Amino acid sequence: MMMRIFESKAQATFVGAAMIALAAAARPIHAHPGAHHDIERVTKLLEAQPDDVERLIERAHFYRLDYQPQAALADLAHARKLAPDRPDIPFHVGMVYLDLARHADADAEFSIAIKSGLTTSRAHAARARARTAMKDFELALADYARAIEIEPSLELYAERGALHVQLNRLDDAAAGYQEAIKRLGNAPILSQTLIDVEIRRGRYDAALTLIDEECNRAALKADWLLLRADVLDRVGRIKEAADARATALAEVNRVLARRQIGVHLVTRGRILLAMGRLAEARCDVELALKKSPNYSAAQILLDKLVQTEKARSSSPAKSVDGPAKHGKEDENANR
């Protein structure tokens with residue numbers, strides 16, 4: 001059966017996996033590894049029926065995945081001449097423009113699609129991203145609200161919440177994340193973002209309650225314990241913060257004793273950095289990068305370590321690894 005990649009008024013067809021993008025105003029498409037095979041397949045079919053609108057839209061989609069925007073636009077222009085009233089065609093044109101960061105053009109095409117009857121969650125979400133990039137924030141929020149009303153998703157709640165935070169509308173952000181948790185369940189990304197908002201609002205007790213709930217659910221608690229320590233530091237509960245980091249370190253040590261994998265090495269590196277044990281943290285991060293050279297989280301942590309080491313070396317009162325030499329935690333290292 002031919003894959004249907006167009007959207008009708010009655011049904012939205014999603015192609016590919018949804019990405020959680022916090023503050024994703026536009027989404028550049030990277031070449032899809034298998035798109036050229038699909039392009040070849042559909043091209044052969046179009047050779048027999050060059051005016052097949054469905055095939056033209058399908059090939060345009062694969063051209064877009066293969067980052068051939070002009071070829072995609074050419075197919076869509078041909079399809080538009082053959083079927084000028086189809087609302088899914090301007091939607092796909094808008095998606096190409098969105099990839100090209102032609103946000104005003106994308107907004108115009110999405111508006112045509114929606115006015116013509118393509119009132120799907122995906123169409124409103126796409127227009128919201130274009131409008132966010134254009135700084136038409138009120139219109140973008142209205143589109144996000146409509147998209148969520150039609151078909152709520154983790155992705156949409158995360159994007160709208162990120163926009164609320166960007167606009168410093170923290171109460172709206174918190175309300176949105178709380179609604180998302182009620183409707184979609186306790187996804188860690190929603191808890192993390194809600195915790196961040198509660199911290200920004202100065203609601204530290206609420207943040208700690210949420211962290212404790214996630215700790216109770218999590219199989220590996222080290223990251224949540226490290227976050228708990230950060231919040232405890234903010235409210236001056238220094239001893240409790242140190243205890244949380246020690247517990248986190250003990251837990252991740254047990255995991256790494258069984259198998260050393262990059263994600264847990266980076267977690268331990270973050271804990272050691274927070275404890276002021278920079279040399280040990282660097283060893284973990286460098287080992288993680290040796291195992292996975294393109295591991296972005298490890299590289300980000302290494303950059304942070306380098307900055308911290310420079311700051312320490314510029315201060316004669318502190319040695320780089322003073323806390324580790326004396327076997328004590330530098331409880332203020334992460335403040």
Side-chain angles (χ1 to χ4, degrees), residues 1-9 11-21 23-136 139-140 143 147 155 159:
M1 179 181 292
M2 183 184 75
M3 183 185 73
R4 296 174 62 87
I5 55 84
F6 63 92
E7 296 197 34
S8 66
K9 184 176 180 180
Q11 179 180 11
T13 304
F14 291 81
V15 180
M19 292 180 62
I20 300 302
R27 300 182 172 194
I29 297 296
H30 301 288
H32 188 283
H36 64 281
H37 296 299
D38 289 302
I39 292 169
E40 291 175 359
R41 172 181 59 80
V42 180
T43 297
K44 289 179 181 179
L45 296 171
L46 280 167
E47 288 172 355
Q49 292 181 296
D51 291 339
D52 187 327
V53 173
E54 307 294 349
R55 303 291 186 186
L56 286 166
I57 296 172
E58 185 180 9
R59 187 171 67 175
H61 168 72
F62 290 122
Y63 273 138
R64 176 174 166 259
L65 290 185
D66 202 44
Y67 203 67
Q68 298 187 54
Q70 298 310 318
L73 290 172
D75 273 353
L76 292 168
H78 186 185
R80 202 170 210 165
K81 288 179 181 178
L82 297 168
D85 296 329
R86 283 187 57 149
D88 55 318
I89 295 174
F91 169 80
H92 285 288
V93 174
M95 292 299 287
V96 177
Y97 286 150
L98 194 61
D99 295 342
L100 295 172
R102 292 173 55 178
H103 300 119
D105 292 331
D107 182 13
E109 294 291 341
F110 293 140
S111 294
I112 292 170
I114 291 168
K115 288 177 182 177
S116 299
L118 192 70
T119 54
T120 63
S121 177
R122 192 180 180 204
H124 281 282
R127 189 169 67 173
R129 293 173 192 128
R131 289 176 167 179
T132 297
M134 296 166 63
K135 302 188 185 305
D136 289 337
L139 291 176
D143 267 325
E155 176 184 27
E159 288 184 21

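Bear in mind the structure is a predicted one, so any value in this text is a computation, not a measurement.
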- Sequence neighbours excluded, which residues qualify as side-chain contact (heavy atoms from CB on, under 4.5 Å) partners of Ala83? Val53, Arg86, Ile89

- Task: Mind listing the closest non-hydrogen atom pair of Ala113 and Pro87 along with its distance?
- Result: CB-O, 3.2 Å

- If we only count heavy atoms from C-beta on, is the Arg122 to Met95 side-chain gap below 4.5 Å? yes

- Return the set of residues passing salt bridge (charged side-chain N to carboxylate O under 4.0 Å, His left out) with Asp107 (not counting sequence neighbours), or none when no residue passes. Arg131

Counting only pairs under 3.5 Å, give me each side-chain donor-acceptor contact of residues 42-50, with atom names and distances, residues two or more places apart or in other chains.
from	atom 1	to	atom 2	distance (Å)
Thr43	OG1	Ile39	O	2.6
Thr43	OG1	Arg59	NH1	3.1

- Does the side chain of Arg41 come within less than 4.5 Å of Phe62's, by heavy atoms? yes

- To the nearest 0.5 Å, how far apart are CG in Asp143 and CZ in Arg127? 4.0 Å

- Message: Applying salt bridge (charged side-chain N to carboxylate O under 4.0 Å, His left out), can you list everything that pairs with Asp51, at least two apart in sequence or on another chain?
- Response: none

- Item | Test item: side-chain donor near acceptor, Asp66 and His36, under 3.5 Å | no

- Query: Does Asp136 use its side chain to pair, donor to acceptor, with the backbone of Leu139 at less than 3.5 Å?
  - Reply: no

- Nearest heavy-atom approach of Ala60 to Ala72 is O-CB, 3.4 Å

- Task: Identify whether the distance between the nearest side-chain nitrogen and carboxylate oxygen of Arg80 and Glu109 falls below 4.0 Å.
- Result: yes

- Query: So which heavy atom on Ile114 is nearest to which on Thr119, and how close?
  - Reply: O-CG2, 3.8 Å

- Would you say the side-chain atoms of Ser121 pair up with the backbone N or O of Ala147, donor to acceptor, closer than 3.5 Å? yes

- Query: Does Arg102 have any side-chain contact (heavy atoms from CB on, under 4.5 Å) partners at least two apart in sequence or in another chain, and if so, which?
  - Reply: Tyr97, Leu100, Asp105

- Task: Go through Leu56 and Leu82 one step at a time and tell me if the side chain to side chain contact (heavy atoms under 4.5 Å, CB included) criterion holds.
- Result: CA-CA 10 Å; Leu56 286 166; Leu82 297 168; 3.8 Å; yes

- Task: Considering non-hydrogen atoms only, spot the tightest contact between Ala126 and Leu98 and give its length.
- Result: O-CD2, 4.2 Å

- List the atom of Phe110, the atom of Gly94, and the distance in Å for their closest heavy-atom pair. CZ-C, 3.3 Å

- Listed by chain and number, what are the side-chain contact (heavy atoms from CB on, under 4.5 Å) partners of Ala71, not counting sequence neighbours? Tyr63, Gln68

- Ile112, Ile57, Leu118 screened by side chain to side chain contact (heavy atoms under 4.5 Å, CB included) with Phe91, the one that passes: Leu118

- Task: Taking only Lys NZ, Arg NE, NH1 and NH2, and the carboxylate oxygens of Asp or Glu, determine whether Glu58 and Arg64 approach each other closer than 4.0 Å.
- Result: no

